[in-house]
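In what follows, a structure is listed as structure tokens, so that the remarks can point back to it.
Every chain is numbered from 1 and lettered A, B, ... according to where its sequence line falls, protein lines coming before strand lines. Treat the numbers as computed from the prediction; the structure is a model and nothing was measured.
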There are 2 protein chains.
Amino acid sequence: METKIRILLYEDNRDLREGMTFLLQATPGLQLIGAFPDTSNLEMQIPGLKPDVVLMDIDMPGRTGIEATPVVKALRPETQVLMLTVFEDEDRIFQAIRNGASGYLLKRTPPTEIIAAIHDVHRGGSPMTSSIARRVLHFFQQEQPVAKMKDYDLSPRELEILKSLVKGYSYKLIADEHFISIDTVRSHIRHIYEKLQVNSKTEAVLKALKERIV
Amino acid sequence: METKIRILLYEDNRDLREGMTFLLQATPGLQLIGAFPDTSNLEMQIPGLKPDVVLMDIDMPGRTGIEATPVVKALRPETQVLMLTVFEDEDRIFQAIRNGASGYLLKRTPPTEIIAAIHDVHRGGSPMTSSIARRVLHFFQQEQPVAKMKDYDLSPRELEILKSLVKGYSYKLIADEHFISIDTVRSHIRHIYEKLQVNSKTEAVLKALKERIV
DNA sequence: GCCATTCTCATCCATTTGGGTGATGAAATA
DNA sequence: TATTTCATCACCCAAATGGATGAGAATGGC
């Protein structure tokens, strides 16, 4: 390893902080450049210490780890934030991820895996426990009851017209777009409304979007 | 371990299939109950063999692993599908995930980790390599340029009206909903249009949704 | 007190939209 | 071949919508 990975630790629990400090200092290839019980001085510490990886607890007094993460990313985008916490609820996981966290580990993860995860996140990976990963995947899967999704039996032409509606076009515009008369457009739209069981442009557009018929 | 994990393998490459077969048969706690070069007989094999975990290659002749996955989940929802493939592009990853895969490993993953992943997915985790995980997280993060988002300076009342518009309501309905006259509704909506720079209900609704002002 | 904003309501007018009805020719299907 | 579906267009009418303009009451800030 050429140069050590520069690590910053934010953890309010003193025992845990000191334990992690010991672990990190004892590990070759890693360099702990700071360990703090809160994020109140982020704005000084991040630009000053230039960490490669920040280990972030979630539940801290003052600014939580979730709130601090986007600040870190804003101050120094190349810094990787690794959440290290006891919380496993989807809300916090997603908030952390949306805020720019690159990894999400539970504190009960064995030390060797935490070390591995630090290297991992520094290499551009996103380490996470598989239970966290399951929740993330679940998010993608829980989607629509696509299977039961009625296709509403729209004709090809009706589908095109519906797409134009979803673009926010007026009847006249749609007519021009498709080189047909406005009455033909109206005719198609009437059929679309009937099939979708709606009776206005807005409702049709909303339904089309919500059930992604478009 | 009380009872062995029942595993089905779908992999068209003969060498890989035989290699995996050897690995799985040599591992205590696992029971390979079938290994097939294609998914043409899924409909018989899944209900007949009742696998706990299916190892699924993506690129197979006939029905691909991505297409086969939802079929597996439909035939036997409790079966966990673990993608095992060489492809690492976001498209395929997301297709697989959306189709119900519970894990996603690259074939170059070391055998011991594959074994661990099988146990993992069977326990309800979602093993994935951290590079895959990074891509998944990236999907959440790439979102909107929230920062640049103008708030359009809508008044509280206008925002409420806009929300009603997004519900697909007509002027009359909105008037009733808020106990105001229809002309007042029209007045608010005109102001909304002006601020959002649109000139129809549909456009306003689309803009509100797209920029999630609602 | 004065000013800006917001919320309210109104009137007038033109355009758009929704709904009813019907018709024609082409294409696909039974 | 007969029937059905699709795409096209038309005419009528009523309701909804969009745009211009104005105006009174309430609120909050300066």
Could you check how far [atom1] of [X] sits from [atom2] of [N], rounded to whole Å?
| X | N | atom1 | atom2 | answer |
| --- | --- | --- | --- | --- |
| A:Asn199 | C:dT17 | CG | C1' | 12 Å |
| B:Gln197 | D:dG18 | CD | C1' | 16 Å |
| B:Glu203 | D:dT17 | CD | C1' | 13 Å |
| A:Arg186 | D:dC13 | CZ | P | 14 Å |
| B:Lys172 | D:dT17 | NZ | P | 9 Å |
| B:Glu194 | C:dT6 | CD | C1' | 14 Å |

Sugar-phosphate atoms are those with a prime plus P, OP1 and OP2; base atoms are the rest. Using that split, label each nucleotide of nucleotides 25-30 of chain D B, S or - for protein heavy atoms under 4.0 Å, 5' to 3'.
------
Contact state string [nucleotides 3-9 of chain D, B base, S sugar-phosphate only, - no protein heavy atom under 4.0 Å]
---SSBB
Taking atom CD as the centre, does A:Glu194 end up with more than 12 heavy-atom neighbours from other residues, nucleotides or ligands that are less than 6.0 angstrom away?
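At most 12 heavy atoms, drawn from other residues, nucleotides or ligands, come within 6.0 Å of this atom.
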Identified side chain to side chain contact (heavy atoms under 4.5 Å, CB included) partner of A:Met20 from the options A:Leu9, A:Leu32, A:Asp57
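Of the listed options, the one satisfying the test is A:Leu9.
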Consider side chain to side chain contact (heavy atoms under 4.5 Å, CB included). Of A:Lys201, A:Lys207, A:Glu203, which one does A:Tyr193 pass it with?
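The option that passes is A:Lys201.
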Would you check if [X] and [Y] make a side-chain contact, meaning some heavy-atom pair closer than 4.5 Å?
| X | Y | result |
| --- | --- | --- |
| B:Met56 | B:Thr69 | yes |
| B:Leu173 | B:Tyr171 | no |
| B:Arg135 | B:Glu88 | yes |
| B:Tyr104 | B:Phe94 | no |
| B:Leu55 | B:Val81 | no |

Salt bridge A:Lys107-A:Glu11, side-chain N to carboxylate O under 4.0 Å
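Salt bridge flag = yes for A:Glu11 with A:Lys107.
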Are the side chain of A:Arg123 and the backbone N or O of A:Ile118 linked by a donor-acceptor pair below 3.5 Å?
no
Residue-phosphate contact under 4.0 Å: A:Lys201 side-chain N/O, C:dT16 OP1/OP2
no
Can you check whether B:Tyr193 has a side-chain N or O nearer than 4.0 Å to OP1 or OP2 of D:dG19?
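False: B:Tyr193 side-chain N/O out of range (4.0 Å or more) of D:dG19 OP1/OP2.
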Detail all sub-3.5 Å separations between protein N/O atoms and N/O atoms belonging to nucleotides 27-30 of chain C.
none

Cut-off 3.5 Å, side chains only: do A:Asp38 and A:Ser40 have a donor facing an acceptor?
yes
